[in-house]
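Dropping the structure in here first, questions after.
Atoms within each ligand, like the ligands themselves, are counted from 1 in listed order. Numbering starts at 1 and runs along the sequence shown. Computed from heavy atoms alone, side chains included, the values below leave out hydrogens, waters and symmetry copies. Because the structure is a prediction, the values reported are computed rather than measured.
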Amino acid sequence: MKTTADVIIVGGGVVGNAAAYYLAKRGVEVLVLEADDSIGHGGSSRNGGGVRQSGRDVRELPYAMYGIKHLWPTLSEELGVDVEYHQGGNLRLALEESHIDILKGQAERATALGLDVKLIDGKEVHEINPYLSDAIIGATWCPTDGHANPMKTTLAFYKRARELGARFISGEKVVELRKFKGRIRSVVTESGTIYEGNTVILAAGYESREISKTVGIDIPMSLFYETCLVTEAQPPMFDIMLGVATAEIYGHQCDHGSFVFGSGTGLEPSKVPDSSDLRVPALDVSANCRCIMKYVPMLKDAKVVRSWGGWMDITHDHVPVISPVEEVPGLLLACGMSGHGFGTGPAVGLLLSQMVVGEKPICDITPLRYDRFKSDR
Ligand SMILES: Cc1cc2nc3c(=O)[nH]c(=O)nc-3n(C[C@H](O)[C@H](O)[C@H](O)COP(=O)(O)OP(=O)(O)OC[C@H]3O[C@@H](n4cnc5c(N)ncnc54)[C@H](O)[C@@H]3O)c2cc1C
């Protein structure tokens, strides 16, 4: 087995797979090491499928907007798989005045960066989506947001990257990085195998923190658990992604009619942080349902057919780290997606490939550097 490549990617989530695809497309030799036996086992196949710009931190907006303008519309065609991308818009809903205040601030910051998003009143909300609760008093409306199928998207990048020559090894857990003459060089796995590359992209979600510590780099991140549920198929109602000002729930109707909603409990974290524990706590689904009823009461008789959960890698300031590392040349960090990494996954993959080959990046990534966390004391 060949254990060398120009670029070694640690982690086979949407970020690792997208980076592998865009690198392979540029003729770069890529090897992806994935700890799990299956590709896309992490958040990338467990998420709510939201592909949105509205409500994002201004540091994320430039590449979130790039992805929606230039990558998502042609992704199915480019990858040869229908990733079920729908650009039906996003309503971020408000039930009370304090919610309107949150949405107003978000809309103002985003429009300053050129995003088409506006605050609308309850009447306009119901004109756009008559299926929502009469209690809704307003929302932000972003017509270019949407949703897609997370598992199909992640595996589509994987499939196309492989077709272009990228190699993948699953069941190969990375435990250590090593430098040689001051540069990143080796990736050591639990099985004792040593892989060598000129560049290492660390895209292992929360586990990136332990791995980067082996070369003296710490990325302040914590684990946060959320649950998704899927209903039985409903008659076609709307193609819009729904969110709420308080970020309690988000969801959409899928191609086959089911609704998928994601949420936490709204209470203290219901699980001890442990990314290997994927069981759904009893509290989560009922809390999720109660919250959905506040916004979409007409789903009150829809049966929940399945639920699942996943862990998010949340950085200290809730914005990803997409960054070279001054102390370890050749190491690129791509983690801490902070619950937003599916919609931005294609753009992050593209950015990483551009960083490797020295192409002009699609946007300035300075605000996403890891050294923003360095102590100044
Ligand atoms: C319930 C839920 C709902 C969400 N909803 C949305 C949404 O609507 N929209 C949105 O944009 N985002 C959403 N997200 C967030 C999104 O899923 C993530 O930000 C995104 O999938 C991160 O992709 P990733 O490739 O960085 O990480 P992951 O998908 O977690 O991939 C990391 C990979 O690294 C592997 N790995 C870990 N340790 C090692 C190791 N030591 N060696 C080798 N491999 C390793 C893991 O097995 C995993 O496959 C949601 C997340 C959850 C959990």
Which N/O atoms of ligand 1 sit under 3.5 Å from a protein N/O, and at what distances?
{"unit_1": "ligand 1", "atom_1": "5 (N)", "unit_2": "G48", "atom_2": "N", "d": "3.0"}
{"unit_1": "ligand 1", "atom_1": "8 (O)", "unit_2": "G49", "atom_2": "N", "d": "3.4"}
{"unit_1": "ligand 1", "atom_1": "8 (O)", "unit_2": "G50", "atom_2": "N", "d": "2.9"}
{"unit_1": "ligand 1", "atom_1": "9 (N)", "unit_2": "G50", "atom_2": "O", "d": "3.0"}
{"unit_1": "ligand 1", "atom_1": "11 (O)", "unit_2": "G50", "atom_2": "O", "d": "3.4"}
{"unit_1": "ligand 1", "atom_1": "11 (O)", "unit_2": "H340", "atom_2": "O", "d": "3.0"}
{"unit_1": "ligand 1", "atom_1": "11 (O)", "unit_2": "F342", "atom_2": "N", "d": "3.0"}
{"unit_1": "ligand 1", "atom_1": "11 (O)", "unit_2": "G343", "atom_2": "N", "d": "2.8"}
{"unit_1": "ligand 1", "atom_1": "12 (N)", "unit_2": "G339", "atom_2": "O", "d": "3.2"}
{"unit_1": "ligand 1", "atom_1": "12 (N)", "unit_2": "F342", "atom_2": "N", "d": "3.4"}
{"unit_1": "ligand 1", "atom_1": "14 (N)", "unit_2": "G339", "atom_2": "O", "d": "3.4"}
{"unit_1": "ligand 1", "atom_1": "17 (O)", "unit_2": "G43", "atom_2": "O", "d": "3.0"}
{"unit_1": "ligand 1", "atom_1": "17 (O)", "unit_2": "N47", "atom_2": "ND2", "d": "3.2"}
{"unit_1": "ligand 1", "atom_1": "19 (O)", "unit_2": "G341", "atom_2": "N", "d": "2.8"}
{"unit_1": "ligand 1", "atom_1": "21 (O)", "unit_2": "S44", "atom_2": "N", "d": "3.1"}
{"unit_1": "ligand 1", "atom_1": "21 (O)", "unit_2": "S44", "atom_2": "OG", "d": "3.0"}
{"unit_1": "ligand 1", "atom_1": "23 (O)", "unit_2": "S44", "atom_2": "OG", "d": "3.2"}
{"unit_1": "ligand 1", "atom_1": "25 (O)", "unit_2": "V14", "atom_2": "N", "d": "3.3"}
{"unit_1": "ligand 1", "atom_1": "25 (O)", "unit_2": "V15", "atom_2": "N", "d": "3.1"}
{"unit_1": "ligand 1", "atom_1": "29 (O)", "unit_2": "G43", "atom_2": "N", "d": "3.4"}
{"unit_1": "ligand 1", "atom_1": "29 (O)", "unit_2": "S44", "atom_2": "N", "d": "3.0"}
{"unit_1": "ligand 1", "atom_1": "29 (O)", "unit_2": "S44", "atom_2": "OG", "d": "2.5"}
{"unit_1": "ligand 1", "atom_1": "30 (O)", "unit_2": "G43", "atom_2": "N", "d": "3.4"}
{"unit_1": "ligand 1", "atom_1": "41 (N)", "unit_2": "V174", "atom_2": "O", "d": "2.9"}
{"unit_1": "ligand 1", "atom_1": "42 (N)", "unit_2": "V174", "atom_2": "N", "d": "2.9"}
{"unit_1": "ligand 1", "atom_1": "44 (N)", "unit_2": "A35", "atom_2": "N", "d": "3.0"}
{"unit_1": "ligand 1", "atom_1": "47 (O)", "unit_2": "E34", "atom_2": "OE2", "d": "2.6"}
{"unit_1": "ligand 1", "atom_1": "49 (O)", "unit_2": "E34", "atom_2": "OE1", "d": "2.7"}
{"unit_1": "ligand 1", "atom_1": "49 (O)", "unit_2": "E34", "atom_2": "OE2", "d": "3.2"}

Heavy-atom closest pair, residues G341 and V14:
O-CG1, 3.6 Å
Can we call the ring centroids of Y295 and Y131 under 6.0 Å apart?
no
Flag the pair R26 and E359 as a salt bridge only when some basic side-chain nitrogen lies within less than 4.0 angstrom of an acidic carboxylate oxygen.
yes
Is there a donor-acceptor pair closer than 3.5 Å between any side-chain N or O of H340 and the backbone N or O of S338?
yes
Just by distance, do the side chain of W308 and the backbone of R46 share a donor-acceptor pair under 3.5 Å?
yes
What about F261 and Y250, are their ring centers closer than 6.0 Å?
no
